[in-house]
Amino acid sequence: MGKKARPPIPLLSGKIIETHCHLDYLSGDELVNTISKSRDVGVDKIITIAVSEDNQAIVREIADSDPNVWCTQGLHPHEATSWSGDFGEDLRSHAAHPKVLAVGEIGLDYYYEHADAKTQIAAFEGQLDVAIEHNKPVVIHTREAEQDTKTVLSSVRTSLSKKGVIHSFTSSLDLAEFCLGEGFYLGFNGIATFKNAENVREVIRATPIERILLETDAPYLTPVPYRGVPNAPFYLPFIAQTVADLKNVSVEELLSVTYQNSLDCFF
């Protein structure tokens with residue numbers, strides 16, 4: 001038997017902002033074609049995310065190359081050992097770049113333990129300081145680090161005026177409620193379509209639509225029905241439909257609200 005045909009990507013009836021992807025995995029025609037194909041299905045703006053010492057300049061260059069692409073600057077917790085005074089100064093020097101919308105992807109990840117907790121917390125706190133200094137929102141990654149995430153975010157409760165997003169949210173409902181109470185948005189992606197991700201769907205149902213952002217985290221976490229191929233921003237329509245169904249609203253309503261949420265968070 002042949003493979004089951006995948007359905008076509010639906011054309012959205014409203015605009016959408018890709019709030020988290022990694023375009024630096026692409027180059028040349030593949031990059032240009034991905035941006036163009038995403039625009040064709042209704043993706044109005046794309047935010048490509050910095051994660052490591054060696055991709056900060058690359059994502060700025062990608063953002064500068066297209067009027068509909070923006071970026072962030074920051075060290076992922078897996079890269080926390082790269083945090084230093086020199087990197088902090090470099091981060092400060094680029095935080096005011098017109099295409100840099102946020103400090104991120106920053107945070108804590110105790111699942112993989114690429115760096116010890118003390119090192120991760122130091123990098124997290126140092127980068128939050130840059131966001132505070134430059135009045136930027138943050139893009140936060142947290143995994144298996146709920147208590148320390150709460151502790152660090154509580155420490156900047158009054159000083160971090162622009163909050164940002166807890167991206168690719170897969171943590172507990174308790175952490176979701178804490179982050180929402182602190183003023184953060186929650187970002188959801190293709191995980192919401194996965195068979196074994198009922199915990200994520202539970203959080204989506206409990207999250208006010210006014211606090212939801214949509215993302216792909218491409219090239220990772222490709223949504224059903226395209227699992228097995230690299231992810232891309234043009235698969236956002238499948239995520240939007242899943243989240244709309246979970247919130248019992250039309251896709252049109254979801255897109256209208258989440259588009260404004262994205263503008264309010266980043267632009």
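Index from 1, following the sequence.
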Participant: For Glu252, is there any backbone N or O sitting under 3.5 Å from a side-chain donor or acceptor partner on Ser256?
Facilitator: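 No, because the side chain of Ser256 does not come within donor-acceptor range (under 3.5 Å) of the backbone of Glu252.
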Participant: Going by distance alone, is a donor N or O of one side chain under 3.5 Å from an acceptor N or O of the other, for His167 and Glu105?
Facilitator: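 Looking only at side-chain atoms, Glu105 and His167 do form a donor-acceptor pair, the distance falling under 3.5 Å.
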Participant: Can you name the closest pair of heavy atoms from Leu160 and Lys163 and give their distance?
Facilitator: O-NZ, 3.0 Å
Participant: Do we see a donor-acceptor contact under 3.5 Å between the side chains of Ser161 and Asn135?
Facilitator: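 Distance-only check passes for Ser161 and Asn135.
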Participant: Please identify each residue that fulfils ring pair (Phe, Tyr, Trp, His ring centres under 6.0 Å) with His134, with sequence neighbours left out.
Facilitator: none
Participant: To check you understand the geometry: which heavy-atom pair defines the closest contact between Val156 and Ile132, and what is its length?
Facilitator: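 Smallest interatomic distance, heavy atoms only, reads CG1-CD1, 3.9 Å.
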Participant: Using side-chain heavy atoms (C-beta onward) and a distance below 4.5 Å, is Val249 in contact with Val257?
Facilitator: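 No, every pair of side-chain atoms sits at 4.5 Å or beyond.
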Participant: When you check the side-chain N and O atoms of Glu79 and Ser52, is any donor under 3.5 Å from an acceptor?
Facilitator: no
Participant: For the atom pair OG1 (Thr119) and NE2 (His114), what is the distance rounded to the nearest 0.5 Å?
Facilitator: 13.5 Å
Participant: With the side chain counted from C-beta on, respond yes when Leu254 and Leu214 share a heavy-atom pair under 4.5 Å apart, and no when they do not.
Facilitator: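 Side chain of Leu254 against side chain of Leu214, heavy atoms only: contact under 4.5 Å found.
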Participant: Please answer whether the main-chain N or O of Lys45 pairs with a side-chain N or O of Lys15 as donor and acceptor at a distance below 3.5 Å.
Facilitator: no
Participant: Scan Phe266, Phe169, Tyr259, Phe188 and name whichever one has a side-chain contact (heavy atoms from CB on, under 4.5 Å) with Leu213.
Facilitator: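 Only one of Phe266, Phe169, Tyr259, Phe188 forms a side-chain contact (heavy atoms from CB on, under 4.5 Å) with Leu213, namely Phe266.
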Participant: How are the rings of His78 and His76 set to each other: parallel, tilted or perpendicular (split at 30° and 60°)?
Facilitator: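 If you compare the ring of His78 with that of His76, the planes turn out tilted.
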Participant: Run the salt-bridge test on Arg201 and Glu198 with the 4.0 Å N-O cut-off and return the result as yes or no.
Facilitator: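 The answer is yes: the pair qualifies as a salt bridge.
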Participant: Output the distance between atom CD (Gln73) and atom CZ (Arg92), rounded to the nearest 0.5 Å.
Facilitator: 13.5 Å
Participant: Which value, rounded to the nearest 0.5 Å, describes the distance between Ile47 atom CD1 and Leu23 atom CG?
Facilitator: 11.0 Å
Participant: Does a donor on one side chain sit under 3.5 Å from an acceptor on the other, for Glu146 and Ser172?
Facilitator: yes
Participant: I'd like to know whether OH of Tyr111 has more than 12 heavy-atom contacts from other residues, nucleotides or ligands below 6.0 angstrom.
Facilitator: no
Participant: Roughly how far, to the nearest 0.5 Å, is CG of Asp40 from CD1 of Ile35?
Facilitator: 12.0 Å
Participant: State whether the side chain of Glu182 and the backbone N or O of Phe178 hold a donor-acceptor pair below 3.5 Å, judged by distance alone.
Facilitator: no
Participant: How long is the span from the OG1 atom in Thr149 to the CG atom in Leu175, to the nearest 0.5 Å?
Facilitator: 6.0 Å
Participant: Answer yes or no: is there a donor N or O on one side and an acceptor on the other, between the side chain of Arg143 and the main chain of Thr170, under 3.5 Å?
Facilitator: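 It does not hold such a pair.
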Participant: Look up atom NE2 in His97 and atom OG1 in Thr72, then write down how far apart they are to the nearest 0.5 Å.
Facilitator: 12.5 Å
Participant: Relative to the ring of Tyr235, is the ring of Phe238 parallel (under 30°), tilted (30 to 60°) or perpendicular (over 60°)?
Facilitator: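 Tilted.
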Participant: Provide the closest heavy-atom pair for Asn189 versus Ser168 in the form atom of the first, atom of the second, distance.
Facilitator: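 Of all heavy-atom pairs spanning Asn189 and Ser168, the closest is ND2-OG, 3.0 Å.
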Participant: Spell out, as yes or no, whether a donor-acceptor pair under 3.5 Å connects the side chain of Gln120 to the backbone of Asp109.
Facilitator: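 Yes, the answer is positive, given that a donor and an acceptor are paired below the 3.5 Å cut-off.
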Participant: Say whether Tyr185 and Asn261, considering side chains only, have a donor N or O and an acceptor N or O under 3.5 Å apart.
Facilitator: no
Participant: Any luck finding a side-chain donor-acceptor pair between Arg39 and Ser36 under 3.5 Å?
Facilitator: no
Participant: Hey, mind stepping through Val43 and Phe234 against side-chain contact (heavy atoms from CB on, under 4.5 Å) and telling me if it holds?
Facilitator: CA-CA 7 Å; Val43 180; Phe234 49 74; 5.6 Å; no
